[in-house]
Q: 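I am attaching a structure below and will ask some questions about it afterwards.
Values in this document were obtained by computation on a predicted structure and should not be read as measured data.
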Protein chains: 2
Amino acid sequence: MKKGKKDKEGECEVLCINERKVASARKAMKSDATLFKLAEVFKVLGDPTRMKIVSALLQEELCVCDLTALIGASQSAVSHQLRVLRNMGLVKYRKDGRIAYYSLDDDHISSILTAGLKHVEE
Amino acid sequence: MKKGKKDKEGECEVLCINERKVASARKAMKSDATLFKLAEVFKVLGDPTRMKIVSALLQEELCVCDLTALIGASQSAVSHQLRVLRNMGLVKYRKDGRIAYYSLDDDHISSILTAGLKHVEE
DNA sequence: CCAATATATGAATATTTGATCATATATTAG
DNA sequence: CTAATATATGATCAAATATTCATATATTGG
């Protein structure tokens, strides 16, 4: 006997809720919008190709060409992923003639990676 | 006249490589395996539902039930995502009777989120 | 034991996404 | 101008993934 199909958000099957803890947690949490953006940033860093790109750019600016050689992906793939990184504000570039030099656009990126590495390398 | 279909990794179309910079960057970079794991961690954090779960657990441990109420997803969805977080070593849980209390499994997670927030909230 | 509750999980599905291919744009050399 | 080079991008497609549904497992109260 199916339980009435959830009025809205699946709240009618759940009875063990500690209202106090939930309210307290909800209050302490960042807004949904902020958490969504945060997840977006991590999603962008959550792909091996993009991670390699970002990691390479930690050292110095590089052109698409160098990145392509460095990470072993096609020029098209690198270009597509650079756009994703650009759209998320993680990298920027300058054009010198027909060469595009990419670099990190945000000082925080290095700290994000460092924090992540502590989990990975523990 | 197509250029011979890439011998292996798309290196034959690319002529502007700065060998010195590439070698230097390659040397400074973490290993592919490390970067892959790092990307995996970020990918796990890169989903709104999981981000909400992790964010809620920053405050205190919560049961599946509370998480379900808190983040507005179905119990099944929360459970599935908790497994992903568990497999990645980001959360742990203790069982008290039929209730499972989840908490963060790693001190670094909070610093990862904090670093990410600095980018989002700038 | 039995019914109810809390959580977990397999299967199916719809969506997202990353790579490739083909091609477009832009810049420079000659 | 023309050919070549560096990069960008649209379309397509296969793989990955998040959710839902149905159901299984486990624990507790009565």
Q: To check you understand the geometry: which heavy-atom pair defines the closest contact between B:Gly116 and A:Leu38, and what is its length?
A: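 Of all heavy-atom pairs spanning B:Gly116 and A:Leu38, the closest is C-CD1, 3.4 Å.
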Q: Classify the side chain of B:His80 versus the base of D:dT20 as yes if they form a donor-acceptor pair under 3.5 Å and no if they do not.
A: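 Such a pair exists between side chain and base.
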Q: B:Arg83 side chain N/O closer than 4.0 Å to the phosphate oxygens (OP1, OP2) of D:dT19?
A: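 For D:dT19, OP1/OP2 do not have a side-chain N/O of B:Arg83 under 4.0 Å.
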Q: Measure CG/A:Asp96 against C1'/C:dT28 and give the value in whole Å, please.
A: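 Computing the A:Asp96:CG to C:dT28:C1' distance gives 12 Å.
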Q: With distance as the sole criterion, do the side chain of B:Gln75 and the base of C:dA6 form a donor-acceptor contact below 3.5 Å?
A: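 Result: no qualifying N/O pair found.
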Q: Examine the base of D:dA18 for any acceptor or donor lying under 3.5 Å from a partner atom in the side chain of B:Gln81, and report the outcome as yes or no.
A: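 Check fails, no donor-acceptor contact within cut-off.
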Q: Taking for each residue the nucleotide of DNA chain C bearing the nearest heavy atom, is the 5' side occupied by A:Ser76 or by A:Lys95?
A: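 With A:Ser76 and A:Lys95 compared, the 5'-side residue is A:Ser76.
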Q: Take atom CG of A:Leu85 and atom C1' of C:dT17, then tell me their distance rounded to the nearest Å.
A: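 Computing the A:Leu85:CG to C:dT17:C1' distance gives 14 Å.
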Q: In whole Å, I'd like the distance from the CG atom of A:Leu62 to the C1' atom of D:dT7.
A: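 Checked: the CG to C1' distance equals 15 Å.
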Q: On a heavy-atom basis, which atom in B:Val22 and which in A:Leu70 lie closest, and how many Å separate them?
A: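 The answer is O-CD1, 3.6 Å.
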Q: Which pairs pass salt bridge (Lys or Arg N to Asp or Glu O under 4.0 Å) with one or both residues in residues 35-61 of chain A, sequence neighbours excluded?
A: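 Only A:Lys52-B:Asp32, A:Glu61-A:Arg94 qualify under salt bridge (Lys or Arg N to Asp or Glu O under 4.0 Å).
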Q: Using atom CD1 of B:Ile17 as one end and atom P of D:dT5 as the other, report the distance to the nearest whole Å.
A: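 Those two atoms, CD1 and P, are 13 Å apart.
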Q: Has B:Ser79 got a side-chain N or O lying under 4.0 Å from the OP1 or OP2 atom of C:dT9?
A: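 Negative; the distance criterion is not met.
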Q: Answer with yes or no whether the hydrophobic clustering places A:Leu58 together with A:Val91; edges join I, L, V, M, F, W, Y residues whose side-chain heavy atoms lie under 4.5 Å apart.
A: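 Yes, because A:Leu58 and A:Val91 connect within a single hydrophobic cluster, where side-chain heavy atoms sit under 4.5 Å apart.
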Q: Are the side chain of B:Lys92 and the backbone of B:Leu104 linked by a donor-acceptor contact shorter than 3.5 Å?
A: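 A pair under 3.5 Å: yes.
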Q: Once you round it to whole Å, what is the distance between C1' of D:dA18 and CZ of A:Phe36?
A: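 It works out to 13 Å between those atoms.
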Q: Side-chain N or O of A:Lys43 less than 4.0 angstrom from OP1 or OP2 on C:dT17?
A: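 True: A:Lys43 side-chain N/O within range (under 4.0 Å) of C:dT17 OP1/OP2.
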Q: For a quick test of reading the model, state the closest non-hydrogen atom pair linking A:Thr68 to A:Ala73 and the distance between them.
A: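 What the structure gives for the nearest pair is CG2-O, 3.2 Å.
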Q: Over all strands shown, is A:Ala77 touching base, sugar-phosphate only, or nothing at heavy-atom distances under 4.0 angstrom?
A: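 It contacts base atoms.
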Q: Which part of the nucleic acid does A:Tyr102 contact within heavy-atom distance under 4.0 Å: base, sugar-phosphate only, or nothing?
A: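 The answer is sugar-phosphate, as A:Tyr102 gets under 4.0 Å only of primed atoms, P, OP1 or OP2.
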Q: Are we looking at SG atoms under 2.5 Å apart for A:Cys65 and B:Cys16?
A: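 Bridged: A:Cys65 to B:Cys16.
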Q: Does any part of the side chain of A:Ser103, heavy atoms only, come nearer than 4.5 Å to the side chain of A:Leu57, both counted from C-beta?
A: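 A side-chain contact under 4.5 Å is absent here.
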Q: For D:dC21 and B:Ser74 - does any side-chain N or O of the residue sit under 4.0 Å from the phosphate oxygens OP1/OP2?
A: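 No.
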Q: Provide, to the nearest angstrom, the distance between the CD atom belonging to A:Glu40 and the P atom belonging to D:dA18.
A: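 Rounding to the nearest Å, CD of A:Glu40 and P of D:dA18 are 14 Å apart.
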Q: Roughly how many Å is it from CD1 in B:Ile99 to P in D:dT27, rounded to a whole number?
A: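 My rounded result for the distance is 13 Å.
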Q: For the helix from C:dC1-D:dG30 to C:dG30-D:dC1, what is the angle between the axes at its two ends, each from 5 pairs, rounded to 10°?
A: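 So the angle between the two local helix axes works out to 20°.
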Q: Any N or O donor-acceptor pair linking the side chain of A:Arg98 to the base of D:dT5 at under 3.5 Å?
A: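 Per atom types, the contact qualifies.
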Q: Send over the distance from A:Tyr101 OH to D:dA6 C1', rounded to a whole Å.
A: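 After rounding, the gap between these two atoms is 11 Å.
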Q: Tell me whether the side-chain N/O atoms of B:Arg50 come closer than 4.0 Å to OP1 or OP2 in D:dA18.
A: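 Yes.
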